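Reviewing the structure listed below.
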Protein chains: 2
Amino acid sequence: MKTDLDSERDYSQQIAHTIRDAIVSGDLPVDGRLPSESDLATRFNVSRPTVREALKRLAAQNLIRTQRGATGGAFVNRLSFEQAQDHMVTTATLLLSMNTVDFETACEARFALERACVPLACARRTPAHLASLRAEIARHGTDGLSDEAFCASDVAFHRALVDAAGNPVLSWHLAGAVEAMQPLMNMITFTARSRGRIIALHDGLTRALEAGKPRPALAALDELAAYTLELGGEIRARRGARRSS
Amino acid sequence: MKTDLDSERDYSQQIAHTIRDAIVSGDLPVDGRLPSESDLATRFNVSRPTVREALKRLAAQNLIRTQRGATGGAFVNRLSFEQAQDHMVTTATLLLSMNTVDFETACEARFALERACVPLACARRTPAHLASLRAEIARHGTDGLSDEAFCASDVAFHRALVDAAGNPVLSWHLAGAVEAMQPLMNMITFTARSRGRIIALHDGLTRALEAGKPRPALAALDELAAYTLELGGEIRARRGARRSS
DNA sequence: CTTTGCCATATGTCAGACAATTAACATTTG
DNA sequence: CAAATGTTAATTGTCTGACATATGGCAAAG
């Protein structure tokens, strides 16, 4: 591991980068212990606070965990899909909210990705998957649900759909795409009629998955995509009208 | 913004979390300036090093940038797709390498996702997209290329394919999936014959995109997926043999 | 043998200081 | 007057040394 730093630039950043590379390259094994903060400070020829800043940077990326006490220290984390998903969802949400992505673009991406899951889900869905799909349908069919709760349940349905494909890598990648849409969806007001239609489409999709028939499942998903776009178009129209008034 | 901290737990983490929430919720606007480190230290009733650790955590997530000098400080970053992609690629790579994901699973996910791009790419590909696809084909058709260089060019081809769909959200999500495969692909030894076949399939795919015909494009992609799996199967067989010897 | 208390080690936090950078202001000079 | 130059204040980056806190291991007491 390189321990000589380029002056002129942020030490803690360079140190974090060096250690990160060592982790990514497998030089530091999972669950391996890093040298103590004082050791690192000596090696890199900086003070302990500087080392600590570097370690905090790595901790923020879930690359290491720290433990106090006699046998404590900083340990290389086994990055779990779960941890990484949280991070991904935050990032995806921020990207959508800060970059003024059209509803259309985000929606297109999301449904295109979900389409990719359908054939796999048809082949692999287990009774447990079908049960959680049905549970979410029942939940967002409940009377008197707020729009926000309806959205949350909708998102859960879509995540269940993705999970039904039985591929953890796929689930991880799509979690961001699906969850990040929630703030955008929350701007939609769902009438009883539109809720009914969505639920009917979810139901049709679930039946097709149960039957293991990709063709009608894709058709249902496409219809859902078209309808979501339509609803999204309405909110944009309303917003445009409000702005121009 | 809450400024009272739960004792018993890591201050810098709590502070980072508090500020992060303020950013995500839009409470702190993009390009807005955070209070100075001393200010934050006073508000949260902690010392400046502690505040700094919190800020470094946020900086590691690209949520803020810092600037020295009289009008300096910490500013809320407009998260760009580009910055977020780097991060995503690192995370995706680590996930694959640390969680002993089968080559098959990763491969399936990647090609399923790429399939989702094909119809869009057929409709939207520009001459520039086609040119970069062709450029990569030419590059990995070069004689005497190392396996690693061949892989890198292959990855670049696939990224170009994704970009041809003309949806930045999609590109962002798939960058991780595509790039993270590279270390796995690097374990494959490509013979002249297998390279030839891959190039032929890339060529066919590019022609189909140019013609705007999704059907043959998907067929080419599926064939590519099957062939990649086959090559991956070989390396697994070899590895198994070596382990049992 | 078990429990208790001490100790060494490591991270978490603090206080105060100095260095380096930068923009704005004041001053000098042509 | 205008331009170049020096000064100052604010802010981040870094260092030093210290104390607080958590935790495993070890030794002594019961």
Side-chain angles (χ1 to χ4, degrees), chain A residues 2-20 22-23 28-29 31-77, chain B residues 1-20 22-23 28 31-77:
Chain A
K2 260 206 317 223
T3 57
D4 51 328
L5 301 178
D6 179 10
S7 172
E8 305 287 309
R9 277 198 329 191
D10 210 327
Y11 289 163
S12 73
Q13 198 167 15
Q14 292 178 65
I15 294 172
H17 216 87
T18 303
I19 298 178
R20 194 198 70 164
I23 293 174
L28 291 169
D31 291 332
R33 183 177 172 283
L34 270 62
S36 74
E37 294 176 351
S38 319
D39 271 12
L40 287 172
T42 308
R43 290 194 204 196
F44 284 107
N45 204 30
V46 296
S47 68
R48 195 158 80 93
T50 303
V51 168
R52 281 181 62 77
E53 287 177 10
L55 293 180
K56 294 313 161 199
R57 293 179 118 108
L58 298 173
Q61 298 171 69
N62 282 317
L63 289 177
I64 60 170
R65 62 181 183 279
T66 56
Q67 208 178 344
R68 305 228 293 212
T71 58
F75 299 85
V76 177
N77 240 341
Chain B
M1 193 157 60
K2 255 201 330 211
T3 57
D4 51 326
L5 301 178
D6 177 11
S7 173
E8 303 286 312
R9 276 199 332 191
D10 211 326
Y11 288 163
S12 74
Q13 199 167 11
Q14 292 178 65
I15 295 171
H17 217 272
T18 303
I19 299 178
R20 194 198 69 162
I23 293 174
L28 290 169
D31 290 332
R33 182 178 173 284
L34 270 63
S36 74
E37 294 177 351
S38 320
D39 272 11
L40 288 171
T42 308
R43 291 194 202 194
F44 285 105
N45 203 29
V46 296
S47 68
R48 195 158 82 93
T50 303
V51 168
R52 281 181 63 77
E53 286 178 11
L55 293 181
K56 292 313 160 199
R57 293 178 118 108
L58 298 172
Q61 298 171 69
N62 282 317
L63 288 177
I64 60 169
R65 61 181 182 280
T66 54
Q67 209 176 345
R68 306 228 291 212
T71 59
F75 299 85
V76 177
N77 242 342

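Lettering of chains follows the sequences in order, A, B, ..., and the numbering in each one begins at 1. Everything quoted here is computed from the prediction, not taken from an experiment.
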Give the rounded distance in Å between these two atoms: [atom1] of [X] and [atom2] of [N].
X: B:Asp39; N: D:dA10; atom1: CG; atom2: P; answer: 12 Å
X: A:Gln67; N: D:dT23; atom1: CD; atom2: C1'; answer: 9 Å
X: A:Glu37; N: D:dC19; atom1: CD; atom2: C1'; answer: 15 Å
X: A:Asp10; N: C:dA19; atom1: CG; atom2: P; answer: 19 Å
X: A:Lys56; N: D:dG13; atom1: NZ; atom2: C1'; answer: 18 Å
X: A:Arg48; N: D:dG17; atom1: CZ; atom2: P; answer: 13 Å
X: A:Leu34; N: C:dT11; atom1: CG; atom2: P; answer: 9 Å
X: B:Phe44; N: C:dG12; atom1: CZ; atom2: P; answer: 19 Å

**OP:** Give one of base, sugar-phosphate or nothing for A:Arg33, where a contact means two heavy atoms less than 4.0 Å apart.
**Re:**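 The answer is sugar-phosphate, as A:Arg33 gets under 4.0 Å only of primed atoms, P, OP1 or OP2.
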Among [options], find the nucleotide with the atom closest to the side chain of [X].
X: B:Ala70; options: D:dA9, D:dT14, C:dT13; value: D:dA9
X: A:Ser36; options: D:dT11, C:dT13, C:dA10; value: C:dA10
X: B:Thr71; options: C:dT13, C:dA23, C:dG12; value: C:dA23
X: A:Arg52; options: C:dC14, C:dG12, D:dT14; value: C:dG12

Subject >> Phosphate OP1/OP2 of C:dG12 contacted by A:Thr66 side-chain N/O (<4.0 Å) >> reply: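 For A:Thr66, the contact criterion (side-chain N or O under 4.0 Å from OP1 or OP2 of C:dG12) is met.
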Original post:
Among A:Ile64, A:Thr66, A:Leu63, which residue meets the side-chain contact (heavy atoms from CB on, under 4.5 Å) test with A:Leu55?
Top reply: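 Only one option passes, and that is A:Ile64.
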Original post:
Closest nucleotide of DNA chain D for A:Arg68 versus for A:Thr50: which of these residues is on the 5' side?
Top reply: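 That would be A:Thr50.
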**OP:** Applying side-chain contact (heavy atoms from CB on, under 4.5 Å), run through B:Ile15 and B:Leu40 and close with a yes or a no.
**Re:** CA-CA 9 Å; B:Ile15 295 171; B:Leu40 288 171; over 6 Å; no
Original post:
Does the pair A:Val46 and A:Val51 meet the rule for a side-chain contact (heavy atoms from CB on, under 4.5 Å), with working shown?
Top reply: CA-CA 7 Å; A:Val46 296; A:Val51 168; 3.7 Å; yes
Subject >> Considering all heavy atoms, the nearest A:Gln61-A:Arg57 contact >> reply: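 Looks like NE2-O, 3.3 Å.
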Original post:
So do B:Arg20 and B:Leu28 actually touch side chain to side chain, heavy atoms under 4.5 Å?
Top reply: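 B:Leu28 does not reach B:Arg20 side chain to side chain.
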Original post:
With nearest nucleotides of DNA chain C determined for A:Pro49 and A:Gly73 from heavy-atom distances, which residue corresponds to the more 5′ nucleotide?
Top reply: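 On the 5' side of the pair lies A:Gly73.
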